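Written below as structure tokens is the structure these notes are about.
The structure presented is a predicted model; accordingly, all values stated were derived computationally and were not measured.
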Amino acid sequence: MTAAGATVLAALVQLPLLILSAASLVHASPTAFALLRWAGAAYLVWLGLKLVVRRGRRMAATATRPVSDRAALRDGMVSNLTNPKALAFMLAFLPQFVDPANGWPVAVQLLILGSMQKLSGFVVLALVALGAGSIVACCRRQWLKQALG
């Protein structure tokens, strides 16, 4: 659950980077912004094709050990901030929904969209963490009942 919170904290760094880069691009050149949108769409298609191609591969199961909340938060932040795919995805995905002509500043539109993306990502990750924890607890109880008869 703590690692899910790291995505929200990483947003404090990623959102300003997104806003500064995309908003300045719109002001500098609307054509360049259109190219960014098309490049972003192509990147999203590439990611989807990569998932389809790799879908048959399975990951090997590994043993896990307990991790402290502090270590999970640190690892989640480092992972989120050093992974260029997170920022690249935001740069590819969010500008698709920005309309420079609608009267709202591009920076405000990106801030709202980026905040919604990070918040929804946190909710999904938190629900997965809570669900997985509940399933593990239930399985352990069932295993103990069977083991102790």
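Residues Leu113 and Met90 form no side-chain contact, since every pair of their non-hydrogen atoms from C-beta on lies 4.5 Å or further apart. Side chains of Leu111 and Ser115 form a contact here, defined as non-hydrogen atoms less than 4.5 Å apart.
Tracing side-chain contacts under 4.5 Å through hydrophobic residues (I, L, V, M, F, W, Y), one never reaches Leu94 starting from Leu119; they form parts of separate clusters. Cluster membership for Trp104 and Val106, using ILVMFWY side-chain heavy atoms within less than 4.5 angstrom, is not shared.
Minimum heavy-atom separation, Val98 to Gln109: CA-OE1, 3.5 Å. Nearest heavy atoms, Pro16 versus Ala11: CD-O, 3.7 Å.
Atom CD1 in Ile135 sits 11.0 Å away from atom CG in Leu130 (nearest 0.5 Å). Between the CD atom in Gln117 and the CG atom in Leu110 there is a gap of 11.0 Å [rounded to 0.5 Å].
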